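Written below as structure tokens is the structure these notes are about.
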Protein chains: 2
Amino acid sequence: MAKSPVRRSAGLPATLLDVARHAGVDKSTASRALSNPGRVADKTAARVRKSAGALGYVSHGVARALTTRRTRTIGAVIPTLDNAIYAVSTHSMEGRLQRAGYMLFVASHEFDLDVEATLVEAMISRGVDGIALVGFEHRKKTFELLERARMPYVLTWNYRPGKLPCVGFDNREAGILIADYLVRLGHRNFGVIAGEIRGNDRAAARLAGIREALARARIPLPDTSVVQRPYSIEGGRDGFSILLGKQPKPTAILCGNDILAIGALHEARGRHIPVPDEVSITGFDDTPFAAVFEPSITTVHFPMAEVGVNAAIHLLNLLGVTDEVPERQLPLRLVVRDSTLQPRRLERTSAHSLA
Amino acid sequence: MAKSPVRRSAGLPATLLDVARHAGVDKSTASRALSNPGRVADKTAARVRKSAGALGYVSHGVARALTTRRTRTIGAVIPTLDNAIYAVSTHSMEGRLQRAGYMLFVASHEFDLDVEATLVEAMISRGVDGIALVGFEHRKKTFELLERARMPYVLTWNYRPGKLPCVGFDNREAGILIADYLVRLGHRNFGVIAGEIRGNDRAAARLAGIREALARARIPLPDTSVVQRPYSIEGGRDGFSILLGKQPKPTAILCGNDILAIGALHEARGRHIPVPDEVSITGFDDTPFAAVFEPSITTVHFPMAEVGVNAAIHLLNLLGVTDEVPERQLPLRLVVRDSTLQPRRLERTSAHSLA
DNA sequence: TTGAAAGCGCTAACAC
DNA sequence: GTGTTAGCGCTTTCAA
């Protein structure tokens, strides 16, 4: 007898060779029968399938990948899953990939771009067919790794016209959108509770957009009116307290996302500061909670799920797996709710002028 | 010249052979130098490392996995990432695995256990070293796949004494905890907005716990007082509307999670039904929002992050990567907040009896 | 301490 | 339509 007889007797998982022997064919035929049934006689294919079933054969993707140079695996390197926007976009991305037979690695770097580079290397090493990153800003090393490995990749949650492989929207525009709105309402004193900007070019761009809109309206935004806090309710609370201590008091506080806004709103409630009457508060993201919080939160709607789906499509397209063309620039929408209003002073002024 | 000279010239990623040639050693030496430096002369090791750096060598994990039969990869098959509890536990799990040099596959089955089985097979096929599943209930096929592959696995978000490889808590107890609390407050008419029970044994166990607690107190819970809705704000709103239409009106509504509770609370606010005065509402999970919602929500605290971390430890332990011993049974805690109160009728009754 | 050789399980030419 | 053969890139005995 040759080397290993039917090794399943040893309790080891069945290999293609076991299946082939069981079906009385060569392993190459078994291979074809399983993954390319068209190139094999129907009867043979059926017999092989039956043997595979009988032996509980599960293909050894690692070995297959070594020859095909495809793992049917994508890597998503994200800041964190502990924030709804990345959780939701990663979820929708995975859903689309799953439909295409791809599996997704997910790894978080907690906004540390050096860790990100390490993770990208770890994914390349594991043979992923493509990689999704968040944002435009990455270490030089990250890009080098990607290039050297000729790795298809897509940058998400941000968009810029051109041939950059990205799927998202213009974050600066999002900042302008909401700041403009407040300016038009008549606000002149602003505070900003930014999330962490380091390692987060989207947040930085949003802040830049806010600055730009205010500058155009000749409204100053001193650095002391911009506080950076972690994206948490606590962060929003802190930020609010600090900004409310400034003179002149801001009549509008822009928060880096809805969580921060909720924290700010909660702190305002605790201090019996009426929102929006005394101060307007805004968020970003438009998470489901923004609509049901009391007061409901004015925010910018980000198409979280669409980011993920289109990132998946972009990658699958690059891999030649789909002809579907990704929507690369996704729509942004200002959602006006109850947490914003004209500043009081303005009302008084109007009242005066009317009197 | 042998077969391929320095193939990097072809633009292909460097292989170990390229590194070896560049360093003037055999590839087996290069291999040792890179992954087992102790078994190689320091000078040689240094030279190999330098060559690897110069060529931008990234190890081909797929090929390595074929020989070592280890991919340093874990699979997490979860219901969805679109729910904070799974997002957070998956996040913490990934964090712990990352520290140990493991990478995580994440795949969602949207509460469909047949899909789950497919995903488990896909992961086994990709050679994961271990798998984390959510809950105890799985298709027979899922367990067969796991056994046949001799795959280390852990069941999360649930706990039962014994040697079952699980990390979580007793969901039935969670249900009892909160139902008992409401019973002690004096409630006698209950409504339940359960999340989807199918394919979710945790939710089913929670509901069973609620039923058990009520039965012990001889309080009926007709099937019409239990509605199943998707875990969403909308679901909570719907459920609330339906239950409020019943006679007798429930004085307490238990929701399957905080999201449903928020939906119910929002609907109550829309209908000007005061909570907790007219109806008490509870959740499960204790997500950060439960504390800041108005009214703040009475709920059961689930240690989401701990579930993930300990699942990771459990798996790493099974793989012999760590000696750390996982906490398998995690603590549960009733968190009483402002969305619950004694039922009004009881107040009146007491008033009467006092008069 | 290093090199030579075998082989992990699979696919893909290439013959027949 | 099916079998034969040669690797994919790495680790790992086994010798030297």
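Reminder, nothing fancy here: chain letters follow the sequence lines and each chain counts from 1. Bear in mind that the values here come from a model prediction, so they are computed numbers and not experimental data.
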pair [X]-[Y]: side-chain heavy atoms closer than 4.5 Å:
X: Tyr102(A); Y: Arg70(A); answer: yes
X: Ile74(B); Y: Leu316(B); answer: no
X: Gln98(A); Y: Leu104(A); answer: no

For [X] and [Y], indicate whether the former's side chain and the latter's backbone hold a donor-acceptor pair under 3.5 Å.
X: Glu327(B); Y: Asn310(B); value: no
X: Ser31(B); Y: Lys27(B); value: no
X: Arg96(A); Y: Ser92(A); value: no
X: Ser125(A); Y: Glu121(A); value: no
X: Arg148(A); Y: Ala14(B); value: no

request  = Say whether Ser28(A) and Asp26(A), considering side chains only, have a donor N or O and an acceptor N or O under 3.5 Å apart.
outcome  =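 Yes, because at least one side-chain N or O of Ser28(A) sits under 3.5 Å from a partner of the opposite role on Asp26(A).
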For a quick test of reading the model: is some side-chain N or O of [X] closer than 4.0 Å to OP1 or OP2 of [N]?
X: Ser31(A); N: dT11(C); result: yes
X: Tyr57(A); N: dG9(C); result: no
X: Arg64(A); N: dG9(C); result: no
X: Thr15(B); N: dG9(D); result: no
X: Thr68(A); N: dT11(C); result: no

key: Given DNA chain C, 5'-ward residue of the pair Lys27(B) and Gly24(B), judged by closest heavy atom   =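 The residue whose closest nucleotide sits nearer the 5' end is Gly24(B).
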Rounded to the nearest Å, what distance is computed from the [atom1] atom of residue [X] to the [atom2] atom of nucleotide [N]?
X: Asp26(A); N: dA12(C); atom1: CG; atom2: P; value: 15 Å
X: Leu17(B); N: dT11(D); atom1: CG; atom2: C1'; value: 14 Å
X: Arg72(B); N: dC10(D); atom1: CZ; atom2: C1'; value: 15 Å
X: His60(A); N: dT11(C); atom1: NE2; atom2: P; value: 11 Å
X: Leu66(B); N: dC8(D); atom1: CG; atom2: C1'; value: 9 Å
X: Arg126(B); N: dC10(C); atom1: CZ; atom2: C1'; value: 15 Å
X: Ile124(B); N: dG9(C); atom1: CD1; atom2: P; value: 16 Å

ask   = Only one of Val134(B), Val106(B), Val115(B), Leu133(B) clears side chain to side chain contact (heavy atoms under 4.5 Å, CB included) with Val77(B); which?
value =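 Considering Val134(B), Val106(B), Val115(B), Leu133(B), a side chain to side chain contact (heavy atoms under 4.5 Å, CB included) with Val77(B) is found only for Leu133(B).
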key: Residue Thr67(B), side-chain atoms from C-beta onward, closest of dG9(C), dT11(D), dC10(C)   =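 That would be dT11(D).
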inquiry  = Closest approach to the side chain of Leu16(B), judged atom by atom: which nucleotide of dC10(D), dT2(D), dT11(C) is it?
reply    =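 In terms of side-chain proximity for Leu16(B), the closest of dC10(D), dT2(D), dT11(C) is dC10(D).
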query = Which part of the nucleic acid, if any, lies within reach of Val62(A) when heavy atoms closer than 4.0 Å are counted: base, sugar-phosphate only, or nothing?
reply =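 No contact.
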Positions of residues 34-44 of chain A (non-hydrogen atom under 4.0 Å from DNA chain D), listed by number =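 Hits under 4.0 Å, by residue number: Arg39(A), Val40(A), Ala41(A), Thr44(A).
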inquiry  = Using heavy-atom distances to pick each residue's nearest nucleotide on DNA chain D, tell me which of Thr29(B) and Ala63(A) is more 5'.
reply    =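 The residue closer to the strand's 5' end, by nearest nucleotide, is Ala63(A).
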Distances under 3.5 Å between protein N/O atoms and the N/O atoms of nucleotides 13-15 of chain D, please, pair by pair.
none

